[in-house]
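Here the structure comes first, spelled out in structure tokens, and everything after it is commentary.
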Amino acid sequence: MSFDLLAEPIRRYVRDQRWESLRPIQAAAIQHILATDDNYILASRTASGKTEAAFLPILSKVDFRQPGVRVLYISPLIALINDQFHRIEQLCKYLEVRVTKWHGEASRAEKKKLVQQPEGIVLITPESLEAMFVNAPYSVSALFAQLQYVVIDEIHSFLGTDRGIHLKSLLSRLEAVTVARSFAVVGLSATIGDYAEAKRFTGHEDRTKVLLDRASKEMLTSFRYFPATEAGGDLPLSLLKDLYKQTSNSKVLIFPNSRGLAEVIAVKLRQIADRVGGHDKYFSHHSSVDKEVREYVEHFAKHNQRQPFCIACTSTLELGIDIGSVEKVVQVDAAHSIASLIQRVGRSGRRDGEQSQLLLYATKPWSLLQSLACWLLYREGFVEPLRTATQPYDLLLHQALSTVKQLSGCPEAELVARLHANAAFSTIAPAQTAGILAELLRIGWLERIGQEVIIGVEGEYVVSSRDFYSVFKTEPAFKVQHAGKTIGEIPLTPQVKENENLLLAARIWKIKYIDEKAKKIEVMPAHDGKKPIFLGGGGVVDARIRTKMLELLSHPSQHPELDEASQEALRELRQEFAGFTLSDTAHQRPVLVKEGKLVLFTFTGTRINRSLVFLLNCLDAPVTYAYQEEDSSFTLALTPAQLPGLVEQLRLFAIDVYGYLEVAVRENPGLLDFAKWGASLPVTCQCGVLKERYFDFEGTADFLQNTLLVFSQLPQAASFTDGFQEGV
DNA sequence: GACCTGCTGCGGAGTG
């Protein structure tokens, strides 16, 4: 049925592929895309042919004899563009349509040719599109004036992120240069939790539809518990031995949540394999491993059908790039989000009829509890809700500079109007935009010439810098080399000294010398070393995960997926909370009374805990406290009678926090380090960015208002506010 | 107790 709707050359392509049938998502996409000019989100599991689902109908529909680029494909990764280029080019040979890669590592000659004769399909990254707007705005209109379709791959990776707001703004600006003032958008993804958000992303929620294939693969899951021997130490040997036994004969991906631990696992498993005569295909894969080394690992995994292998990796192997069939996925300690767990699980079982396995290791009781909570929520189909910023002042600042550069200056009123008309910034009031522009004029990033604003002297440095095109920050790093070969890149931490040993790319190295000027570290092979240290902020855990953890502690549910040691660890943890009778885990929170102190377990998300820490530091009469993210607990030097009063005080601060935020941001500008362009905003906007993206004071006030405290040694529950009234 | 992502234009040397 759907097949017959395709153009003849495309039908020939499908026949030549010898596919038995079209996949469900392909059949649905063909019917819908050919019938309407609406936007579509195509959601179905990895390796289900989404690229073809989009391109078969689009190529059948679009008239490529017209001049101009007709289809633009946008990807979050260069590697994905290179992957997709081959597939799309194969398909386009049947139509004699030109396909051009346009990213930082693509051929300049090809780009130049395309500008001279704009046609066909272009594959691009958001940053390259940004660069084109800034450096060659005439090319943007020359290439894209006749644009008919924009395909966004892995669209979930943009949703709810700064990079997503950036891309949304670029799409809005792109629409403005097309003759038709619009194009259709097709978004592709395997993991979308929030379809409304995906629809809004296209800029036209009302004419965006979702085509969804829910089919998924069953995984054989088991939890395994090996308690860490020392705090902050490496993994216990018993875990590594078990891990080796479980994985030595399979094709495996191991996700240990950090680059350092990925190295430890790859090196230690290789050492065990050496001793017992196992295979030697142990790799590590993360951002600090050299790109060529990573490509070799990906290539090996993809083209190797029979041999077992093991890759210890971070989120570099979560997205899109096809690495062939994986039989087992191992997660060491809890994944930071359910969205991430879904992507990781999705890396295995790409072939039909293959049984795949998920192994969840834990080294600490709380991590086991969190891991179990995440897995149960994943099974329930829960994905963290996305919070797209409604006041992204920092991204507006970036796009304001980019727009002024694009237009070579423009009247201030027109700039304000353009930014307001941009779908990414429609929720920002023009008065706020004017305030941001005033600040840019004040610091010399913009200048006023007559009626127009242009890029200022200081601004030229910013806009001309290589770092301008992206909205995310990166840490400076040193190249690690051995005998002329680059192994990877690491930040210069105190650990990096001559004669120190470190692990990188699944090997052990001794540092020979450090060339500060050239930013290079020369190393030689060694036999023993420490894991590399990387600097990073903390993770953000959703409140729903913490509530699930509390439910697991309060209700004696059975989980056959847990091994004996895990069962025992869970039993012990439940025992610690046996003194509390919690009937309403949505609102009740336990407070342990011991040794003249209180331990308040908030069981809420990182943002609210973070806000509570901030509010505690605002108090006029300081309270001694210690906060732990692992078990979401606050240890307070208070008596039970004092707690309700404190809580009410914090709630009042949370409702009217602005003054405190302003003081904090002036005293400690580092608070805004998470926002690349935040430092140049007016202080009011800086506070707005902090409030919306780092803290959650509204949620905190809500939490403080509605939570019922259950003390371990008091007979009955007391509400925060009740308690406060009693205290008065 | 984190992880990831991308990048222009120019000059000059080397190559065909």
Side-chain angles (χ1 to χ4, degrees), chain A residues 74-82 101-106 108 111-112 124-137 139 153-154 156-158 160-164 166-167 170 228 231-232 255-262 284-289 291 294 312-321 331-337 339-341 343-344 362-364 366-367 370-371 398 402 405 460-475 477 489 491 532-541 545-546 605-606 609-610 627-632 674 676:
Chain A
I74 299 175
S75 153
L77 303 175
I78 288 179
L80 199 54
I81 289 183
N82 296 341
K101 284 186 278 191
W102 191 296
H103 56 66
E105 293 166 18
R108 291 176 185 212
K111 294 181 190 171
K112 210 170 149 189
I124 203 166
T125 59
E127 287 72 21
S128 280
L129 191 53
E130 173 66 58
M132 209 191 291
F133 267 113
V134 170
N135 296 315
S139 295
D153 208 349
E154 305 282 6
H156 65 273
S157 73
F158 293 113
T161 69
D162 292 355
R163 202 177 180 202
H166 183 203
L167 176 55
L170 292 171
F255 292 94
N257 294 343
S258 79
R259 288 175 279 177
L261 275 184
S284 69
H285 191 289
H286 52 78
S287 66
S288 295
V289 174
K291 201 168 163 354
R294 280 153 71 181
C313 55
T314 60
S315 43
T316 46
L317 284 184
E318 256 179 39
L319 269 193
I321 317 150
Q331 173 68 48
V332 179
D333 284 331
H336 298 103
S337 74
S340 166
L341 181 64
Q343 284 290 131
R344 292 173 182 189
T363 61
K364 282 166 282 180
W366 284 97
S367 164
Q370 189 177 325
S371 195
H398 177 246
S402 171
K405 181 79 177 173
E460 275 300 338
Y461 289 108
V462 179
V463 179
S464 310
S465 142
R466 204 162 162 268
D467 200 38
F468 180 71
Y469 313 111
S470 73
V471 296
F472 47 84
K473 271 191 168 180
T474 38
E475 53 184 340
E489 280 191 2
I533 297 170
F534 298 101
L535 310 164
V540 172
V541 177
I545 295 174
R546 291 269 161 69
T606 308
N609 284 336
R610 213 182 249 168
Y627 166 63
Q628 275 203 124
E629 170 75 1
E630 181 188 48
D631 57 2
S632 186
F674 67 92
K676 182 167 167 182

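We name chains A, B, ... by the order of the sequence lines, and we start the count at 1 in each one. When reading the values below, keep in mind they use all heavy atoms of this one structure, side chains included, and skip hydrogens, waters and symmetry mates.
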Original post:
So which one's nearest nucleotide on DNA chain B is more toward 5', Lys364(A) or Ser465(A)?
Top reply: Lys364(A)
Subject >> Earlier contact from the 5' end, DNA chain B, for His336(A) and Ala131(A) >> reply: His336(A)
Nearest-angstrom distance from the residue atom [atom1] of [X] to [atom2] of [N]:
X	N	atom1	atom2	value
Lys101(A)	dG6(B)	NZ	C1'	16 Å
Glu475(A)	dC3(B)	CD	C1'	11 Å
Gln343(A)	dT5(B)	CD	C1'	14 Å
Glu318(A)	dC3(B)	CD	P	12 Å
Glu127(A)	dT5(B)	CD	P	12 Å
Phe255(A)	dG1(B)	CZ	P	20 Å
Asn135(A)	dC7(B)	CG	P	12 Å
Glu154(A)	dC4(B)	CD	C1'	13 Å

Of the options [options], whose atoms approach the side-chain atoms of [X] most closely?
X	options	value
His286(A)	dC7(B), dG1(B), dC4(B)	dC4(B)
Ile78(A)	dC4(B), dG6(B), dT5(B)	dG6(B)
Leu77(A)	dG1(B), dG6(B), dA2(B)	dG6(B)
Arg259(A)	dC7(B), dC3(B), dT8(B)	dC3(B)

Tell me whether the OP1 or OP2 atom of [N] has a side-chain N or O from [X] closer than 4.0 Å.
X	N	answer
Thr314(A)	dC4(B)	yes
Ser128(A)	dC7(B)	yes
Thr125(A)	dC7(B)	yes

What's [X] touching, base or sugar-phosphate or nothing? Going by heavy atoms closer than 4.0 Å.
X	result
Gln370(A)	base
Arg108(A)	base
Ser287(A)	sugar-phosphate
Asp467(A)	base

**OP:** Flag the pair Glu629(A) and Arg546(A) as a salt bridge only when some basic side-chain nitrogen lies within less than 4.0 angstrom of an acidic carboxylate oxygen.
**Re:** yes
**OP:** Before accepting this row, confirm whether a basic side-chain N of the pair Asp467(A)/Lys676(A) lies closer than 4.0 Å to the acidic partner's carboxylate O.
**Re:**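 Answer for the salt bridge query: yes.
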Original post:
Which class fits the ring pair His398(A) and His166(A): parallel under 30°, tilted 30 to 60°, perpendicular over 60°?
Top reply: perpendicular
Subject >> Pro126(A) versus Leu170(A), closest heavy-atom pair with distance >> reply: O-CD1, 3.3 Å
**OP:** Using distance alone, with no hydrogens and no angle criterion, decide if Asp153(A) and Ser75(A) have a side-chain donor and acceptor under 3.5 Å apart.
**Re:** no
**OP:** Decide whether His103(A) and Thr125(A) meet the rule of one side-chain donor and one side-chain acceptor closer than 3.5 Å.
**Re:** no
Original post:
Is there a donor N/O on one and an acceptor N/O on the other, under 3.5 Å, for the side chain of Ser367(A) and the base of dG1(B)?
Top reply: no
**OP:** Indicate whether Phe472(A) forms a stack on dC4(B); treat it as stacked only if centroid distance is below 5.5 angstrom and interplanar angle below 30 degrees.
**Re:**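 No, aromatic ring not over the base.
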